[in-house]
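Working notes, structure below.
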There are 2 protein chains.
Amino acid sequence: MNDNTLLSLASSRQAPVPNSRLYLQIADKLAQQINAGELKPGMRLPAERDLAQQYDVSRQTVREALIALEVSGLVDIRPGSGVYVLQEANLKSSILVENAPGPLEIMEARLLLEGDAAALAAERISNEELLKLKAYLNQMISLVQQQRSAEAETFDGKFHQLIASATRNSALQSMIEWLWALRESSELSQLFAEKIRRQVAGPNIEAHEKIYLCLSRRDAAGAKAAMQSHIAQVTEAYVLLIGE
Amino acid sequence: MNDNTLLSLASSRQAPVPNSRLYLQIADKLAQQINAGELKPGMRLPAERDLAQQYDVSRQTVREALIALEVSGLVDIRPGSGVYVLQEANLKSSILVENAPGPLEIMEARLLLEGDAAALAAERISNEELLKLKAYLNQMISLVQQQRSAEAETFDGKFHQLIASATRNSALQSMIEWLWALRESSELSQLFAEKIRRQVAGPNIEAHEKIYLCLSRRDAAGAKAAMQSHIAQVTEAYVLLIGE
DNA sequence: TCCATCAAAGTGGTTTGACCAAAAATTTAT
DNA sequence: ATAAATTTTTGGTCAAACCACTTTGATGGA
């Protein structure tokens, strides 16, 4: 019965102690009214001040409850206007990634995505960004020469991230960020990176220089080819490791 | 091929429209740190009072941001103890928070990603999947003939999703799913889709047939070209709408 | 009468500062 | 060394303001 629509951390059905957090109780009550159809889509809820009085809590608590509802997709908060019911059947499909992609899948996706991104970036990158890119490259070179490959890799990441940002496409940028984060959160990928770090001095300087060169020349096709060749090379190292 | 002429009303990460709601800005910053891996799972965030000082906002605002993150499933708030990071590398979170990519950004990303995906799929798709694809296509045709364009579009989505799945690359698949989910969660994109639905009968059957044909022939280059031409056409319709 | 304009009221957004209860860290007593 | 008592830290809640924006409605001229 106690549906506890939001954040049902509770496995216990009828916990004598309801959620200790008041704003979640309020959020649940409102969510139940919405799901029960008492509050129909399009309707405006009472003002925060009224809800506070109605449930005998502070306005602040009501606000927190409403924010929870908004993030859940149940209501739409319109500043200066009010809070409006959006939907009653909340059956949106979760887009959660259950089975994390493997290292090779990540690299294949990077090959395609970052290749395209490099081509786009070549046409859209600003001179300031090119300077920043060059700076990253120099840091990378310096750190590699000092055998500090681990630190050099952080600039490797920044280098690629900056190119993603230069595409002026936040969707592309988000996806590339995600792929890198995946790599860092994957044990297997980390293991590969570790092994490779022992074998080679650090990030491939020449490959990055070539990418930078193509970008500075606004050579989209060249940048794409250079980026894909770079990533393919790293992937190759992965494959060799697996072969062992 | 790379139709980079897509004008970019791009809202880059650098200069996002400062959402008037401060707590969403804070939530976004924290979410980005989590997704970027700066805040790793299990880590405890600074105390609310510290975060408030760090971001130069009130503690109340920080609380609201944290509640949004909790409902999003990124953090776990433990009263009396602290706020802990739950997961990272979750593309979903980018939808819940602001800074959602615009319609044209989404389409540009789809052009690149789904183009590559079609090429990969041409080489890897199974006969069973081809049959399923054909079935989707037939349903689409039938629904379009009955003027039920809205329903036809659901099979449009399934069609593209199946191709993404046929790449055998879960990273690619997740990203394409994410792009579609973005489109559906974006008011502006929905508006566009609605307007287009009134103008045209429904999904472009010929374009989908051509894609299917190339896939069945295992023609990677052809599939990529067909897919990109298809998406470019839809994008073109968007651009025309903006022109009005 | 109509309607553009502007003032007032309503609404969410944010700040400040205070107090509480529970968890965690520290000290004290055994 | 262990257990108990105490202090500190942390999130949870309340309160009273003020702000910016939206909505409403009254006003006044055409």
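In this text the structure is predicted, and so the values were computed from the model without any measurement. In what follows, every chain begins at residue 1, and chains take the letters A, B, ... in the order their sequences are listed.
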Report the residues that fulfil side chain to side chain donor-acceptor pair (under 3.5 Å) with A:R63, sequence neighbours left out, ordered by chain and then residue number.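 In terms of side chain to side chain donor-acceptor pair (under 3.5 Å), with neighbours along the sequence ignored, A:R63 is linked to A:E48, B:E64.
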
Partner residues of B:Q53 under the side chain to side chain donor-acceptor pair (under 3.5 Å) criterion, sequence neighbours left out: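 None.
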
Who pairs with [X] by side chain to side chain contact (heavy atoms under 4.5 Å, CB included), at least two apart in sequence or on another chain?
{"X": "A:Q54", "result": "A:P46, A:L51"}
{"X": "B:A237", "result": "B:I196"}
{"X": "A:S58", "result": "A:Q60, A:T61"}

Footprint string (nucleotides 11-17 of chain D, 5' to 3'): B base within contact, S backbone only, - free, heavy atoms under 4.0 Å: BBBB--B

